Amino acid sequence: MYCRKLVGGSRLMAISMGALAAGILALARVHSAAAPQTIQAFVRQASTQEAIPADILRSACTDKNPYLSIAIQYPADNGEINDQEESVSVLRDTASEEYMDDVVDRLKIVRHGQAGAAYGLAYDWKRNQLYSGAYHLIQRPYGPGGVGGIYRTDLDSGQTNVFVRLNAGSNRHRPHGGLYDYESAQWVGKTSLGDIDISGDASALFAVNLESRSIDVMSIPDGNILRSIPHGAVAEPWAGDARPMGLGYRNGWLYHGVVDSREISQVTFPKGYIYRSRDDGSEMTLVSEFSFNYDHQPPWSNWHKVLDPRSSAQPMISDIDFRENGDLVIGIRNRVIDMHEMIVAGGDLLIARRDGSQEGRYVVSTDFYQDGTYRRDGIIGGLAVFPPADWVAAAGLAYWPGGGRTPNTKEAFQADATWWFDNKDGTVRGPNNGIEWLISDFSGEGDMEVLCPPAVAASPSPSATPSVRATASVTITPHPSETTAVTSTSIPTATPTTSVFRAYLPLSSRTCQQSRVPVDVTLVIDRSSSMLRPVAEGGQQKNQSALDAATHFIRLLNLSPGGTGSRDRVAVIGFNETAWTELALTSGRTSVEAAIVRIGTRTAEGTRLDLAFRQARSEIQSAREPSRTRRVAIILTDGLPNHVPFPPGSSQEEVVMGAAALLKADGVKVYSIGLGLPADIDAVLLRGVASSPEQYFEVPDPATLIEIYAAIAARIDECP
């Protein structure tokens with residue numbers, strides 16, 4: 001038997017778990033037959049493991065209804081938790097109106113016996129692996145990794161293992177956890193781990209160590225602990241009250257949230273702070289601050305070591321994510337829900353827009369999202385933003401429409417749920433109906449992650465580190481509720497030590513209904529000998545970066561292993577002193593991956609950009625099908641054109657421009673990428689050969705190349 005609290009007070013409802021399981025199984029059979037495209041249709045079973053292939057996840061991203069992972073904080077029953085209960089689940093916004101249909105569609109990807117109580121999640125999109133971090137809350141034991149355990153789940157196989165054990169304090173639970181674990185309540189937010197996140201190139205994992213109040217950095221995939229970064233408020237007079245928890249990573253910046261808890265000073269109304277730094281902790285800057293004295297139900301108050309009946313909302317900045325235009329979306333968790341099993345919700349969802357008067361600063365709006373879905377401020381604190389559709393999914397509460405009861409009465413049951421909100425106006429809006437029930441046998445949800453590759457978006461920020469640079473003026477038109485327009489402007493060619501602006505890539509910021517038309521993509525890759533060198537001494541080799549990025553790019557397309565069916569097609573073309581087709585257009589992923597490997601060995605002198613465009617045009621014309629109206633060419637080079645013959649009175653550049661013009665005249669959309677320092681590439685030429693200035697990308701840092709290809713893949717599926 002399992003006991004569950006009700007909304008109306010402290011009454012308990014007993015549910016027969018055997019009967020519930022039987023009901024779920026019966027509904028699963030009916031639901032699977034009615035909707036074969038549900039998550040159950042592609043789950044592979046290996047013993048008790050459940051797996052999700054990467055191509056299924058990528059396809060859902062393309063469809064603008066991606067799968068989300070969510071940490072489930074399952075409560076104990078008489079001090080015990082069944083190891084087969086879920087610790088992390090995967091779901092998406094389905095169109096079902098019944099909560100039991102949503103339950104069937106959810107996949108339990110990590111079991112409690114594998115990872116224990118978790119909060120933070122991070123998705124390694126390069127390897128299709130999911131990380132989860134241990135979290136301290138009452139009545140939920142840790143997993144085999146203990147207080148500082150971080151777990152890695154391979155989604156292709158479903159296997160979960162301990163990735164690393166951090167020194168994050170001692171186990172403050174009673175020996176067996178259980179229903180009388182209130183002594184450990186005071187340690188919520190002070191021991192174990194908070195949020196975790198991953199770098200844009202999936203080479204580093206970050207975790208908030210709540211015990212040391214620092215950010216631990218680990219390398220991926222080996223798990224070596226690289227360094228520990230102090231939080232941004234470590235030197236402030238109120239550092240003793242500083243409590244970090246939430247993380248966010250974007251465009252080379254690591255953001256983290258710190259609350260001035262006022263636990264020591266006992267001054268009313270805590271304050272929230274958002275800092276950002278580089279991966280190594282350098283360039284630490286305060287980007288936003290706000291007070292918790294705004295109107296909130298229940299009112300925010302300072303932290304207490306013990307649960308004070310007069311204080312039912314103690315804030316933690318639990319998550320940070322990003323809109324496409326650079327706005328921050330901030331999750332606020334009520335610490336008290338982790339201290340007592342009878343306290344529900346009381347968190348919040350905030351938006352922080354860029355301050356037009358101060359570079360790198362954000363202004364927080366505290367009453368933007370319409371999150372009174374369960375009752376006012378019914379959000380728990382975990383969130384996941386999907387920039388191409390400009391929505392945020394947030395963990396929260398809802399009314400369970402069971403037993404004939406209606407919402408807004410004390411007879412209605414509380415249910416955990418996931419809500420989707422429109423980032424433009426704060427209303428509930430998802431890919432389908434905007435809510436996914438998690439049924440009423442949970443008492444908490446943690447972090448959420450979109451299981452998609454990252455997107456490159458605008459975030460103007462001074463930096464001494466070479467980065468993706470904007471090459472044309474692009475203005476984002478804000479929603480009426482927004483106060484400033486975000487503009488990324490052209491900057492002159494200069495050395496890598498000058499101020500750098502992030503590129504704004506307008507991924508699908510609007511919604512439309514269309515049948516997806518297969519696309520033909522021609523990858524044109526520079527094979528000149530200079531590709532074997534790094535951009536900077538000791539840096540990543542351009543050649544391998546280009547091949548890795550191309551390989552990950554094709555995994556974002558709708559291909560099949562054997563190349564069957566009406567799917568996207570890819571051709572691979574190389575060029576140096578000459579140009580050749582390594583692989584003609586095909587929908588076979590295996591063939592394309594093999595061609596990318598082969599082309600990596602064909603290196604020679606010369607950069608005949610003119611031949612590159614002519615070869616691409618020849619390949620596209622020879623394999624054109626009337627039904628394929630979308631054709632794309634992506635050309636990457638690391639240098640200036642050379643050995644290009646030109647007539648008297650002309651130039652190499654004019655010949656290259658002429659060859660590109662013929663390709664574009666055929667209706668082919670051309671993207672160009674300049675890989676290298678400004679002095680090594682001809683930005684004017686490469687901007688000119690692209691279909692528009694916004695379709696040229698200057699990439700001085702090879703580590704960001706994968707992100708550029710991922711962004712192009714998302715733009716390919718934009719509404720026309």
Side-chain angles (χ1 to χ4, degrees), residues 24 27-28 30-43 52 56-70 72 89-109 321 323-324 329 349 369-374 378-380 382-402 407 415-440 442 445 448-452 455 507-516 558 714 717-719:
I24 291 176
L27 277 171
V30 174
H31 189 72
S32 296
Q37 297 305 312
T38 65
I39 197 168
Q40 300 297 325
F42 62 79
V43 172
I52 311 177
I56 295 295
L57 297 177
R58 300 293 187 266
S59 176
C61 301
T62 301
D63 293 340
K64 304 299 189 295
N65 186 9
Y67 288 97
L68 311 178
S69 58
I70 181 170
I72 300 297
S89 287
V90 169
L91 54 83
R92 72 195 301 200
D93 184 15
T94 60
S96 59
E97 298 292 337
E98 296 293 331
Y99 69 91
M100 285 301 294
D101 287 343
D102 285 348
V103 171
V104 170
D105 283 339
R106 192 176 71 256
L107 176 65
K108 300 178 180 180
I109 200 69
D321 213 329
R323 292 183 66 190
E324 184 179 69
V329 183
L349 186 63
Y369 292 101
Q370 299 179 24
D371 56 354
T373 49
Y374 155 69
I379 296 299
I380 290 180
L383 59 90
V385 173
F386 185 59
D390 205 11
W391 53 247
V392 55
L397 297 174
Y399 286 102
W400 176 13
D416 293 320
T418 296
W419 291 92
W420 279 256
F421 296 93
D422 191 326
N423 286 322
K424 295 184 292 297
D425 58 17
T427 59
V428 173
R429 179 188 65 82
N432 282 304
N433 62 6
I435 181 173
E436 200 72 3
W437 304 98
L438 298 177
I439 202 171
S440 66
F442 306 138
E445 305 161 57
M448 306 178 70
E449 284 293 318
V450 173
L451 301 181
C452 291
L507 311 185
S508 305
S509 58
R510 56 194 172 94
T511 58
C512 68
Q513 298 293 327
Q514 69 177 31
S515 298
R516 189 183 187 280
N558 184 23
D717 280 322
E718 281 186 310
C719 297

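On a predicted model such as this, the values are computed, not experimentally measured, just so you know. FYI, the numbering just counts along the sequence from 1.
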With rounding to the nearest 0.5 Å, note down the distance linking [atom1] in [X] to [atom2] in [Y].
X	Y	atom1	atom2	answer
L451	R58	CG	CZ	9.0 Å
E436	I70	CD	CD1	10.5 Å
Q370	R429	CD	CZ	13.0 Å
I52	L107	CD1	CG	5.0 Å

Residue pair L68 / W420, side-chain heavy-atom distance below 4.5 Å: yes

A side-chain contact here means heavy atoms from C-beta on lying under 4.5 Å apart; do F421 and D371 qualify? yes

Within the side chain of [X], is there an N or O that forms a donor-acceptor pair under 3.5 Å with the backbone of [Y]?
X	Y	answer
D93	N65	no
E445	A417	yes
E324	D390	no

Considering all heavy atoms, the nearest [X]-[Y] contact:
X	Y	answer
A393	M448	O-SD, 3.8 Å
W419	G396	CD1-CA, 4.4 Å
I379	A395	CG2-O, 3.5 Å
K64	P431	O-CG, 3.7 Å
V428	G434	CG1-O, 3.9 Å
F386	C61	CZ-O, 3.6 Å

Applying side-chain hydrogen bond (donor to acceptor under 3.5 Å, both in side chains) between Y369 and each of D422, T427, N423, report the one that passes. N423

Residues forming a side-chain contact (heavy atoms from CB on, under 4.5 Å) with D321, sequence neighbours excluded: L383, V385

